[in-house]
Amino acid sequence: AEYAKNRENDGLVIFAEEQTAGRGRAGTEWLSSRADSILCSILLTDSKLNPELLCLTSAVAVADTTGSGAKIKWPNDIILNGKKIASILLESKTDNGRIAYIIGIGINCHQSKEDFPLELQPIATSIDIESQTCCDRISTAKRLLTLADYWLEAAEKSSKQIIDQWRKLSIQLGHRVKIGRA
């Protein structure tokens with residue numbers, strides 16, 4: 001958030017090897033051990049996109065990164081084979097009337113089923129589990145940044161392209177959705 005004060009930091013990406021206080025929406029905890037995930041924040045100090053479109057665009061880019069068959073569970077989860085593989089947290093910071101956005105992304109890479117707490121094992125997964133190989137985190141991180149750049153550029157040109165892609169990837173369109181905490 002400190003980097004958001006300088007407009008020249010537009011596009012800055014910060015990666016972490018681990019998180020000790022990772023969080024998701026509504027203060028939920030995001031678990032990550034050292035070198036198991038891609039954990040990054042993308043700073044946009046000069047985005048022309050509204051937050052809703054930015055949220056959709058981020059989800060499309062992360063779903064595209066995590067592999068064929070990845071779907072979006074609005075507002076911020078990426079699902080592969082029915083299990084959560086990634087999540088996105090979009091935050092905004094205002095400084096002198098300017099709004100900067102921070103896109104926090106967590107992608108599970110090297111976790112085995114046993115690495116997840118018992119209650120998460122039925123609903124969480126990783127790239128290694130789904131691909132039955134060892135994910136190359138550096139290549140996946142490069143792919144994420146390339147796709148984020150591609151989809152952000154596409155969104156600035158045409159919101160329709162993003163909305164159409166998001167609709168294709170949504171697992172909730174056409175289904176009843178219960179809103180609220182369980």
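Bear in mind that the values here come from a model prediction, so they are computed numbers and not experimental data.
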Mind checking the [atom1]-[atom2] spacing from [X] to [Y]? Nearest 0.5 Å is all I need.
| X | Y | atom1 | atom2 | value |
| --- | --- | --- | --- | --- |
| Asp115 | Gln121 | CG | CD | 9.0 Å |
| Asn76 | Ile103 | CG | CD1 | 12.5 Å |
| Thr57 | Ile162 | OG1 | CD1 | 4.0 Å |
| Gln161 | Glu153 | CD | CD | 10.5 Å |
| Leu56 | Ser58 | CG | OG | 8.5 Å |
| Ile72 | Arg167 | CD1 | CZ | 12.0 Å |

If only atom types and distance count, is the side chain of [X] paired as donor or acceptor with the main-chain N or O of [Y] below 3.5 Å?
| X | Y | result |
| --- | --- | --- |
| Arg143 | Asp64 | yes |
| Ser139 | Asp136 | no |
| Asp10 | Thr45 | yes |
| Ser37 | Leu39 | no |
| Asn50 | Leu53 | yes |
| Gln111 | Cys109 | yes |

Under 4.5 Å between side-chain heavy atoms, hopping through other hydrophobics if needed: is there a path connecting [X] to [Y]?
| X | Y | answer |
| --- | --- | --- |
| Ile163 | Leu90 | yes |
| Tyr150 | Leu43 | no |
| Leu54 | Ile88 | yes |

**Request:** Show your reasoning for whether side chain to side chain contact (heavy atoms under 4.5 Å, CB included) applies to Phe15 and Leu145.
**Result:** CA-CA 11 Å; Phe15 285 90; Leu145 296 181; 4.0 Å; yes

**Message:** Strictly below 4.0 Å, N to O, side chains only: are Lys168 and Asp164 in salt-bridge contact?
**Reply:** no

**Prompt:** side chain to side chain donor-acceptor pair (under 3.5 Å) with Thr94: which residues, sequence neighbours excluded?
**Reply:** none

For the residue pair [X] and [Y], establish whether any side-chain heavy-atom pair is separated by less than 4.5 Å.
| X | Y | value |
| --- | --- | --- |
| Leu144 | Ile105 | yes |
| Asp128 | Thr133 | no |
| Tyr101 | Pro51 | yes |
| Ile14 | Tyr3 | yes |
| Thr125 | Lys84 | no |
| Lys93 | Ile102 | yes |
| Arg7 | Asp46 | yes |

**Qualifying residue, where the test is side-chain contact (heavy atoms from CB on, under 4.5 Å) with Glu130 and the options are Asn81, Thr66, Asn108** = Asn81

Atom of [X], atom of [Y] and distance for their closest heavy-atom approach:
| X | Y | value |
| --- | --- | --- |
| Cys40 | Val13 | CB-CG1, 4.2 Å |
| Ala63 | Leu169 | CB-CD1, 4.0 Å |
| Ile38 | Ala141 | CD1-N, 3.6 Å |
| Thr140 | Cys135 | OG1-SG, 3.4 Å |
| Ala148 | Ile42 | CB-CD1, 4.2 Å |

**Request:** Begin with the C-alpha distance, continue with both residues' side-chain angles, and end with the deciding distance and a verdict on salt bridge (charged side-chain N to carboxylate O under 4.0 Å, His left out) for Arg137 and Glu17.
**Result:** CA-CA 11 Å; Arg137 285 190 319 136; Glu17 277 296 305; 2.9 Å; yes

**Request:** Return yes if a side-chain donor-acceptor contact under 3.5 Å exists between Asp77 and Ser87, otherwise no.
**Result:** yes

**Prompt:** Any luck finding a side-chain donor-acceptor pair between His110 and Asp36 under 3.5 Å?
**Reply:** no

**Request:** Dump the intermediate steps for side chain to side chain contact (heavy atoms under 4.5 Å, CB included) on Thr146 and Trp151, then the final yes or no.
**Result:** CA-CA 9 Å; Thr146 300; Trp151 286 112; over 6 Å; no

**Prompt:** Run the side chain to side chain contact (heavy atoms under 4.5 Å, CB included) check on Ile85 and Ile79 step by step: do they pass?
**Reply:** CA-CA 6 Å; Ile85 194 165; Ile79 307 297; over 6 Å; no

**Residues which pass salt bridge (Lys or Arg N to Asp or Glu O under 4.0 Å) with Glu8, listed by chain and number, not counting sequence neighbours** = none

**Message:** Counting only heavy atoms from other residues, nucleotides and ligands, does the tally under 6.0 Å from CZ of Arg98 exceed 12?
**Reply:** yes

